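To start, the structure under review is shown below, and the notes come after it.
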Amino acid sequence: MSKRDFYEVLGVTRRATADELKAAYRKKAKELHPDRNPGDEKADQRFKELNEAYDVLKDDQRRALYDQHGHEAFEGPQGGRGGQGFGFDFSTSFTDVFDDLFGEFMGGRRGGGGGNRASRGADLRYNMEISLEDAFAGKTATIRVPGSVTCEPCSGTGAEAGSKPQACPTCSGVGKVRAQQGFFTIERTCPTCQGLGRVVKNPCKSCNGAGRVQRERTLNVNIPQGVEDGTRIRLAGEGEAGLRGGPKGDLYIFLSISPHSLFKRDGGDLYCRVPVSFVSAALGGQVEVPTLGGGRARITIPEGTQSGKQFRLRAKGMPGLRGQGAMGDLFVEVAVETPVNLTKKQQDLLREFDKAGTSQNSPETTSFFAKVKEIFGSSKE
Ligand SMILES: [Zn+2]
Ligand SMILES: [Zn+2]
């Protein structure tokens, strides 16, 4: 099932303002809320879909990513592979949207007003695609991470130097206000303090009182030698800044290794198929094969080599993780190439060659047809 467009889910145009989005979300959330549709799986699915869509679109940064990359922007390494090789997932849970609107649904108070609590910053996910060469040699990758960091001039308080934030007069510092809408009692984020529970009289000029500033950061990520496809690298404290002095989230780098045109990898070993002319295979010869380390290795093909024959080059495979442990091997499989586009002269030569042949030249063919004869009797019925 393909994923529906988030704007379509909310029933708004791509140019909808934040307020229009919010209004559309509220309307649909009320219709689809599970408490109103008990046992209705379809409604439940659509409710989840709605939350997911709103969760992305309500955040300017995520909305911009979605507009640019579509669903791919938030997909995992499986879904995103083969795409652009990157994407961000700010992994906010849906619960904050939910609690914001329905925290006090039907009068049942859920949890305490969390408006004042410090909260941990969101984890960030970065999908990185590297080449097999990079995995072989290791590298330092430079990535740019959009996100917010604690505002330095005000140390995250949002108040201009010399002043302190005060308890919000609208919500008395709770961060939430209640409103009656039809038969719903809705608890929503306080519009005065945006849920902070505090107001700042002299807001910090650097962050306009938010305590956080948007900043694209540049990070150097060390990709160790010998990494495997699917490796996850955690950079503690490199995620989003926490709210109200909470700890920072982490940044996770999800590595995928792009397919190589010559080599296949299996753990520490590499596999490579090398075409060999049927003349070289018959008479014997030498072939050069590339290695990931950059050099070339020479293989001697003995006389009468068959297609599929494997040659093992010790320690020419992948290095162990961080260069520790033994190197893997490189397995070279010979693929004898049947000649094509023959000239008249070549065809004649081959017919002549065939005429001169004996059963000794092709023992496998001879033995195969001998077995066929043994099982089915002579070709005459
Ligand atoms: Zn307030
Ligand atoms: Zn500030």
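Remember, it's a predicted structure, so these values are computed and weren't measured experimentally. One-based numbering, in listed order, for ligands and for the atoms of each.
- Ion pair Lys316/Asp329 not flagged as a salt bridge, since none of the NZ, NE, NH1 or NH2 atoms sits closer than 4.0 Å to an Asp/Glu carboxylate oxygen.
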Task: Residue pair Thr140, Asn220: steps toward the side chain to side chain donor-acceptor pair (under 3.5 Å) verdict - done: CA-CA 6 Å; Thr140 303; Asn220 288 327; over 6 Å; no
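- By the neighbour-count criterion of 12 heavy atoms within 6.0 Å, atom CD of Glu352 is sparsely surrounded, having that number or fewer from other residues, nucleotides or ligands.
- Remark: Arg265 does not engage Asp269 in a salt bridge, criterion side-chain N to carboxylate O under 4.0 Å.
- Using a cutoff of 4.0 Å between basic side-chain nitrogens and carboxylate oxygens, Arg63 and Asp59 are not scored as salt-bridged.
- Annotation: protein N, O or S atoms under 2.8 Å of the Zn ion (ligand 2) (waters excluded) comprise Cys151 SG, Cys154 SG, Cys204 SG, Cys207 SG.
- Between the SG atom of Cys171 and the SG atom of Cys168, the angle centred on the Zn ion (ligand 1) amounts to 110° when rounded to 10°.
- Taking the six-membered ring wherever Trp is involved, the centroid distance between the rings of Tyr126 and Phe254 does not fall below 6.0 Å.
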